[in-house]
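A quick write-up on the structure given underneath.
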Amino acid sequence: MNLPKAYDPNKYEPNIYAMWETSGAFVPKGQGDPYSIVMPPPNANGNLHIGHALSFQLEDLLVRYHRMKGRDAILIPGADHAGFETWVVYEKELQKQGKSRFDFSREQLYSQVWDFVDQQRGNMELQLRALGVGASWNDLVFTLDEKVIRTAYSTFKKLWDEGSIYRGERIVNFCTVHQTSFADIEVEHKTEKGTLWKIAYPSLDRITEIVVATTRPETMFGDVAIAVHPDDERYKALIGTNVLLPLTDREIPIIADEYVDPTFGTGVLKVTPAHDPNDFEVGERHKLAPIQVIDFDGTMINTPPQFLGLPAEEARKRVLVALEAQELRRGEASIEHAVGHCYKCGSVIQPLIKDQWFISMKPLAQRAKQALEAKEITFTPDSKRLAVIQYLDTIRDWNLSRQIPWGIPIPAFQNEANPDDWIYDERVNEDRIVVNGATYIRESDTFDTWFSSGQWPFIATDYLEQGPLARFYPNSVMETGADILYPWVARMIMLGLKVTDTVPFTHVYLHGLVLDENGQKMSKSRGNVINPMETITAYGSDALRLGVVASRSAGQNQAFSTTKVVAGRNFCNKLWNIARFIEDKLGESYQPVAPEPLSIADHWIVRELNQTASTIDSLLAEYRFAEAAETIYHTIWSSVADWFIESSKQDTNPALMAAVLDTCLKLAHPFAPFVTETIWQTLSWHDDMLISQPWPTVAPYDEIAAAEFERLQKLVSEIRFVVAELPGNKKYTLLYESDALIADNAELIRHLAKLAGVEHVDTPRGLQLAASGREAWLDIDDETRYEHQSNLERRLVEARQLVKMLTSRLSNENYVQKAPPALVEESQKQLVETTELIDKLQHELDVVA
RNA sequence: GGACCCUUAGCUCAGUUGGCUAGAGCGCGUCAUUGACGUUGACGAGGUCGGAGGUUCGAGUCCUCCAGGGUCCACCA
């Protein structure tokens with residue numbers, strides 16, 4: 001025996017991973033039906049967090065399992081340039097150096113960030129290896145790889161050519177801190193308390209006035225009209241007249257628009273097309289040109305001099321004071337309203353007008369919706385499929401433009417002489433190009449990163465170019481976080497259908513957030529982040545996998561639990577020691593022999609393992625990872641270790657023990673890849689790798705023998721139970737009169753039940769073991785027996801309650817008629833058995849008395 | 001404003017189409033024991049499944065309402 005007593009994961013994991021990787025175990029073999037998962041690419045220059053561990057370990061689990069099931073399986077890794085995230089980090093770096101983005105050209109910035117990311121790269125990939133994630137590393141795709149850009153461009157052109165891409169002045173969500181716009185979905189709305197101010201706009205003769213209600217008085221200099229509902233009797237007469245815009249000498253008209261809600265505020269809306277999306281639409285309808293009064297840096301422009309250049313917040317205060325001075329304020333009310341914030345810095349998102357590139361989403365969404373309704377893609381949990389459908393119903397056009405240098409340049413050029421003339425051209429390295437004699441200037445914006453990552457499944461498989469991995473498209477499963485269902489999953493579906501004319505994957509599995517042990521969201525600011533690498537150092541990679549997969553269901557945010565990681569570590573150690581025991585029994589020179597079950601324990605364990613394999617099959621088919629993990633845990637710990645191994649100490653069947661160990665390792669491998677492979681490598685009868693083994697097939701056994709063992713278990717359990725209740729720590733002798741099971745397995749029963757002996761007698765004495773229904777007695781003296789009386793009484797009461805319940809159930813005619821016959825029969829059988837038990841217990845009590 | 005989810009043992013959570021006496025890990029109690037494993041073994045205690053109705057022979061599971069917690073979506077100034 002050269003294996004140490006305890007499994008030390010850190011000692012083996014790196015070597016095992018290196019063996020897999022260098023031997024090409026993660027590379028698809030080209031045989032069998034393709035099975036593919038494309039990894040949601042983690043940030044190339046970041047570290048993995050515990051949510052990544054869950055995500056990637058689930059993906060790896062699926063791929064390992066399907067590989068063993070004979071599929072041509074691949075897990076395609078990725079790395080994300082994480083446009084905005086990385087840019088924010090880099091801009092902070094610049095700040096530290098006392099520089100800003102304006103000190104450099106776009107090309108300079110791009111190459112600086114590239115170097116910055118390059119320095120950090122590799123961490124994440126090492127961490128994936130530590131997690132045991134068996135990715136096909138040569139197929140890794142970085143989101144700024146040339147082929148990603150190529151595909152993004154061809155898709156953009158396709159959409160452009162068919163008119164789905166348009167450039168337009170629209171209200172965009174602009175972060176004045178980060179100097180970029182966001183898609184609607186990226187804006188974080190928070191409900192806040194605000195103030196609704198009422199402000200009087202005087203008529204031209206200054207005799208009457210109309211009172212508007214607004215939460216943003218500072219935008220009043222951008223007002224181009226006052227709007228009321230056309231049917232609002234209070235204001236009907238005023239429609240078409242002009243009022244004076246306070247603090248200015250500008251006149252604006254009163255217009256009628258259905259959009260105005262007469263019950264809100266004063267029923268009068270100030271129309272500020274440049275700074276509110278609704279007002280923008282009202283303005284368009286009434287052909288009113290917007291006036292921008294907040295600049296892209298968040299300060300005031302186009303205002304009277306005293307407000308010029310002030311930050312918007314400050315301007316608001318001063319405007320209110322100025323209005324007060326002119327006695328134009330007509331009260332205020334506090335309201336709760338949703339305010340958009342930048343999800344990164346938390347500052348208020350300004351709705352501003354900007355020329356941006358948009359995709360018309362309605363047609364894409366319709367197509368995706370049909371596919372989802374037809375269940376061309378299934379979801380776990382299914383409720384998320386319905387959620388996506390609902391999202392698609394209300395989708396708005398997608399703003400693709402980002403004012404961030406770190407990203408894929410938008411391949412568009414504008415005619416210097418004619419601003420409305422835009423052309424598609426991929427020469428994005430040129431500032432200006434000449435086409436047909438006209439000079440065109442390059443668009444300075446980059447794509448929203450989701451535009452390229454939305455095409456990830458067919459990019460990573462080179463499907464459009466029919467590369468070597470093209471057979472892996474569509475992907476088998478998209479496994480990702482429920483939090484990016486809309487920004488990512490929905491878009492992959494839409495773009496996949498659009499570009500490849502097929503769904504990008506056939507199943508979506510969504511995991512929830514891993515919360516901290518108290519159920520709180522993990523965040524750096526809270527300081528409650530669990531680093532998966534530290535967990536691996538402390539407990540091992542398999543322990544982390546088992547712990548994080550256990551008791552977790554799809555789509556639910558659930559707490560991390562160290563106790564489950566500990567349980568996982570203990571399980572690995574258990575498996576290790578099962579192997580140690582078996583290897584010790586077999587000896588170092590063991591040569592494999594065809595296994596054949598001989599003892600009743602042998603037949604039973606073969607049946608159990610068959611059952612476990614098929615249970616895991618059906619659970620994984622439904623993505624019930626936690627239950628599958630629990631199944632293998634209990635099979636190995638209880639059935640194999642506590643019963644089979646213990647039995648084997650009495651009756652050794654080397655070939656079968658070896659086969660049982662092999663089967664356990666295979667079944668457990670997707671859930672605990674490192675320890676199982678480590679053990680496999682120590683087995684003298686294998687010179688290959690576990691990772692490449694086929695999933696266990698059904699092995700033959702004898703059902704009668706297996707059932708015998710079950711009866712033996714029942715007897716042993718009863719003996720243990722009764723003995724535990726008896727006073728003192730004595731060892732007892734089991735007596736039997738005529739019982740073949742006991743006679744044939746006397747030594748085994750003695751060992752399992754820790755008895756002094758098992759003896760055949762002609763006249764039984766002592767305490768009869770009633771519950772297991774055997775002709776067997778524990779040889780106890782009268783005094784002990786007397787002390788045991790209360791236990792007998794207690795069990796008698798329990799048995800009588802059960803009889804009462806069964807009797808009433810069976811006397812219910814509806815039950816007998818409507819319940820499935822098997823259930824009724826079961827109840828009847830149980831009633832008979834329990835009645836017999838009562839007789840025996842009663843008899844025992846009579847003897848004592 | 002809309003939608004979805006959660007509430008089960010002390011803690012963290014499972015529980016497919018309704019099926020009988022609701023499970024796991026950890027924790028807790030009693031006991032055992034130096035040779036596979038103390039990262040162990042045996043035995044046990046602990047839950048009227050958030051509350052109230054309803055459907056059903058039968059409800060943790062389906063329906064309605066209520067309470068508490070959470071998430072997502074949303075252009076009411």
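Reminder, nothing fancy here: chain letters follow the sequence lines and each chain counts from 1.
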Indicate every side-chain donor-acceptor pair of residues 480-488 of chain A with a distance under 3.5 Å to a residue at least two apart or in another chain.
unit_1	atom_1	unit_2	atom_2	d
A:Trp488	NE1	A:Ser453	O	2.8

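- The side-chain contact (heavy atoms from CB on, under 4.5 Å) test applied to A:Thr380 returns A:His507, A:Tyr509, A:Ala554, A:Tyr623, not counting sequence neighbours.
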Can you check each nucleotide of nucleotides 1-8 of chain B against protein heavy atoms at under 4.0 Å and return B for base, S for sugar-phosphate only, - for none, in 5' to 3' order?
-> --S-SS--

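- Using modelled atom types, one finds a donor on one side chain and an acceptor on the other under 3.5 Å when comparing A:Ser827 with A:Tyr815.
- In this structure, A:Asp397 has no salt bridge (Lys or Arg N to Asp or Glu O under 4.0 Å) partners at least two apart in sequence or on a different chain.
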Taking N or O atoms only and anything under 3.5 Å, show me the protein contacts with nucleotides 21-24 of chain B, one pair per line.
unit_1	atom_1	unit_2	atom_2	d
B:rU21	OP1	A:Arg809	NH2	3.0
B:rU21	O4	A:Gln830	NE2	2.6
B:rA24	O3'	A:His634	NE2	3.1

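- Partners of A:Glu725 under the salt bridge (Lys or Arg N to Asp or Glu O under 4.0 Å) rule, at least two apart in sequence or in another chain, are A:Arg794.
- Counting only Watson-Crick and G-U wobble pairs whose two distances sit under 3.5 Å, RNA chain B takes part in these stems of three or more pairs: B:1-7 with B:67-73, B:10-13 with B:23-26, B:28-32 with B:40-44, B:50-54 with B:62-66.
- Contacts of A:Asn528 classified as side chain to side chain donor-acceptor pair (under 3.5 Å), with partners at least two apart in sequence or in another chain: A:Asp516.
- A donor-acceptor contact under 3.5 Å is formed by the side chain of A:Lys574 with the base of B:rC37.
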Produce the list of close N/O pairs, under 3.5 Å, pairing protein atoms with atoms of nucleotides 55-60 of chain B; give distances to one decimal.
unit_1	atom_1	unit_2	atom_2	d
B:rC57	OP1	A:Lys818	NZ	2.1
B:rC57	O2'	A:Asn812	ND2	2.9

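- Of the residues in residues 279-286 of chain A, none lies under 4.0 Å from RNA chain B by heavy-atom distance.
- A:Ala559 comes within contact range of the sugar-phosphate backbone alone, with a heavy-atom separation under 4.0 Å but no base atom that close.
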Output a table of nitrogen or oxygen pairs between the protein and nucleotides 27-32 of chain B separated by less than 3.5 Å.
unit_1	atom_1	unit_2	atom_2	d
B:rC31	O3'	A:Asn729	OD1	3.4
B:rC31	O3'	A:Asn729	ND2	2.8
B:rC31	O2'	A:Asn729	OD1	3.3
B:rA32	OP1	A:Asn729	ND2	2.5

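- Within 4.0 Å (heavy atoms only), A:Lys649 reaches at least one base atom of the nucleic acid.
- Every residue two or more places apart in sequence or in another chain that forms a side-chain contact (heavy atoms from CB on, under 4.5 Å) with A:Thr195 is listed here: A:Trp197, A:Glu332.
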